[in-house]
A.B. asks: 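Here's a structure for you.
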Number of protein chains: 2
Amino acid sequence: MTLPVHHSLAGQAVDALRELVLTGEIPPGARVNEVEIAARLGISRGPLREAIRQLASENLLVLVAHRGAHVPTATREDVRALFELRTALECAAAELAASRRTDADVTRLREVCAESRRTYQAGERFPYRLDLAFHQALLGAARSPHIAEQVRLVQQRVVLLRSGLKDDPPHQHASLDDHDALVDAVAAGDPYRASLTMRKHLARVCAQMLAEN
Amino acid sequence: MTLPVHHSLAGQAVDALRELVLTGEIPPGARVNEVEIAARLGISRGPLREAIRQLASENLLVLVAHRGAHVPTATREDVRALFELRTALECAAAELAASRRTDADVTRLREVCAESRRTYQAGERFPYRLDLAFHQALLGAARSPHIAEQVRLVQQRVVLLRSGLKDDPPHQHASLDDHDALVDAVAAGDPYRASLTMRKHLARVCAQMLAEN
DNA sequence: CAACTGCCAACTGTCGACAGTTAACACCTT
DNA sequence: AAGGTGTTAACTGTCGACAGTTGGCAGTTG
């Protein structure tokens with residue numbers, strides 16, 4: 001059996017509310033009505049308020065005095081600025097991964113790349129899920145829990161930005177090549193090249209997000 | 001007159017509790033008794049619990065089910081791992097600062113360096129305050145609000161680690177030179193050199209923190 | 001005397017209620 | 001009719017109280 005991850009209602013509320021925000025069920029710009037959400041989650045306002053505070057410090061909500069919390073709306077400039085942070089973190093992760101990777105890490109990375117290509121060539125869109133999986137695998141190889149945690153938080157915010165976009169556009173074929181190149185650099189144990197490749201990759205992804213709207 | 005920054009008690013509680021943790025008044029390992037702290041702050045448990053949640057997601061507190069919150073205790077390994085994150089962020093900041101700095105930024109940086117030297121040569125310890133000021137000034141020049149925010153959070157955690165150390169050791173003379181070298185690289189508009197210099201600086205500071213205890 | 005058991009105090013987790021603020025609507029004035 | 005004003009409903013901010021859990025202490029038993 002699967003025990004609930006969080007025993008406390010506040011903990012559950014964090015996950016549930018995060019889900020509501022990231023799926024866009026509470027869209028950017030919308031306010032979080034405490035009584036309504038609390039009722040929907042079947043809890044009282046106390047635990048919900050604690051959850052709101054936590055999500056606010058994860059930058060998934062914005063608090064305004066006497067007006068509660070609302071989901072932030074993203075501007076183009078926000079995307080650019082956020083990717084500066086993401087680049088700083090993930091380039092460092094790529095660098096560390098190149099230094100610390102094991103054979104198992106490389107195998108895992110190549111697996112994800114292969115599955116991505118299969119999915120893509122099967123005619124489907126390159127699913128965002130596999131992109132996340134790739135970056136997760138890379139973080140695992142980097143073995144820096146603090147960096148991994150921060151990347152997770154930033155990726156969350158990127159998901160929020162994506163939810164603000166009308167359509168979930170297909171990842172370009174280029175990303176697949178980027179990922180392969182990254183694995184090569186990591187496998188070769190070349191931190192400098194890994195970092196540079198990651199930087200180019202993220203620049204491309206960022207530009208792509210900015211191109212749409 | 002200075003109005004209170006936060007109108008809400010929860011907001012005040014965040015600041016007050018953060019202060020208690022960072023000054024070591026609630027030392028690492030100690031539990032946060034909700035009724036006691038709430039009484040000390042003159043508020044009820046509700047807002048305090050919200051504050052606790054927020055500080056927990058800033059990694060200044062650790063939550064344990066049914067046992068409340070306690071201040072995390074740091075191991076040597078934690079320091080090393082945390083500095084990996086700090087290095088990733090501040091190297092990126094140094095890089096950006098070298099690209100974006102204005103003359104005013106450089107002037108400001110040199111000012112801080114000069115004051116640091118004056119203070120040091122006056123026989124006093126190189127105060128941590130001025131070290132923080134330097135890094136803050138550099139972040140200002142980088143003009144990346146998200147990176148700046150994350151650095152602020154990481155520096156907070158470093159302060160917490162420092163509070164766990166018995167003594168607040170004098171900064172070595174080497175840090176002064178590091179800072180000067182950093183300003184030079186930034187002033188020269190050389191991102192690569194700025195990043196590398198920052199990396200060396202932080203490696204030194206980290207080693208220093210690990211050496212004591 | 002050690003270990004096990006049952007009780008108890010302290011504390012956390014949660015809820016419902018009250019007070020204060022905000023924003024919108026209706027109403028009055030000019 | 002436009003603008004200002006008073007009123008009111010909705011919502012947030014806060015508190016006190018209750019229930020459930022935890023860990024320690026005393027008492028008991030082998």
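Throughout, a chain's letter reflects where its sequence line sits, starting with A, and its residues are numbered from 1. A quick note: this is a predicted structure, and the numbers were derived from the prediction, not measured.
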A.B. asks: Checking side-chain hydrogen bond (donor to acceptor under 3.5 Å, both in side chains) for the pair D78(B)/T75(B): CA distance, chi angles, key distance, verdict?
C.D. replies: CA-CA 5 Å; D78(B) 287 331; T75(B) 67; 3.3 Å; yes

A.B. asks: Taking the side chain as C-beta and beyond, is there a heavy-atom pair between L182(A) and F134(A) under 4.5 Å?
C.D. replies: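 They are in contact (side-chain heavy atoms under 4.5 Å apart), so the answer is yes.
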
A.B. asks: Where do A13(B) and I43(B) come nearest, in terms of heavy atoms and distance?
C.D. replies: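 Looking at all heavy atoms of both residues, the closest pair is CB-CD1, 3.8 Å.
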
A.B. asks: Measure from the side-chain N and O atoms of D131(B) to the backbone N and O of Y128(B), and report whether any donor-acceptor pair falls under 3.5 Å.
C.D. replies: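 Checked: no pair found.
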
A.B. asks: Using the ring pair (Phe, Tyr, Trp, His ring centres under 6.0 Å) criterion, which residues pair with H66(B)? Sequence neighbours excluded.
C.D. replies: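 Partners of H66(B) by the ring pair (Phe, Tyr, Trp, His ring centres under 6.0 Å) criterion, ordered by chain and then number, come out as H7(A).
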
A.B. asks: For A10(B), check side chain to side chain contact (heavy atoms under 4.5 Å, CB included) against everything at least two apart and list the hits.
C.D. replies: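 Per chain and number, A10(B) pairs via side chain to side chain contact (heavy atoms under 4.5 Å, CB included) with R53(A), S8(B), P47(B), E50(B).
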
A.B. asks: What parts of residues 43-55 of chain B reach DNA chain C, counting only heavy atoms under 4.0 Å away?
C.D. replies: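 Going residue by residue through residues 43-55 of chain B, the ones with a heavy atom under 4.0 Å of DNA chain C turn out to be R45(B), R49(B).
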
A.B. asks: Nucleotide range of DNA chain D contacted by chain B, 5' to 3', under 4.0 Å to a heavy atom?
C.D. replies: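 Contact span on the strand: dT14(D) to dG23(D).
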
A.B. asks: Tell me, which pairs form a salt bridge (charged side-chain N to carboxylate O under 4.0 Å, His left out) where one or both residues lie in residues 136-149 of chain B, sequence neighbours left out?
C.D. replies: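 Counting only pairs at least two positions apart or across chains, the salt bridge (charged side-chain N to carboxylate O under 4.0 Å, His left out) contacts touching residues 136-149 of chain B are D105(B)-R143(B), E149(B)-R152(B).
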
A.B. asks: Mind listing the N/O atom pairs, protein and nucleotides 7-11 of chain C, below 3.5 Å?
C.D. replies:
unit_1	atom_1	unit_2	atom_2	d
dC11(C)	OP1	N33(B)	ND2	2.8
dC11(C)	O5'	N33(B)	ND2	3.3

A.B. asks: Assuming nearest nucleotide by heavy-atom distance, tell me which of G11(A) and A65(A) is located more 5' along DNA chain C.
C.D. replies: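 Of the two residues, G11(A) wins.
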
A.B. asks: Anything under 30° is parallel, anything over 60° is perpendicular, the rest tilted; go ahead and classify H201(A) against H179(A).
C.D. replies: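 Rings of H201(A) and H179(A): perpendicular, as their planes differ by over 60°.
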
A.B. asks: May I ask you to say whether E36(B) pairs ionically with R31(B), meaning some side-chain N is under 4.0 Å from a carboxylate O?
C.D. replies: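 Result for this pair is no, no salt bridge flagged.
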
A.B. asks: What heavy-atom pair brings I147(B) and L85(A) nearest, and what distance separates the two atoms?
C.D. replies: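 What the structure gives for the nearest pair is CG1-CA, 3.8 Å.
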
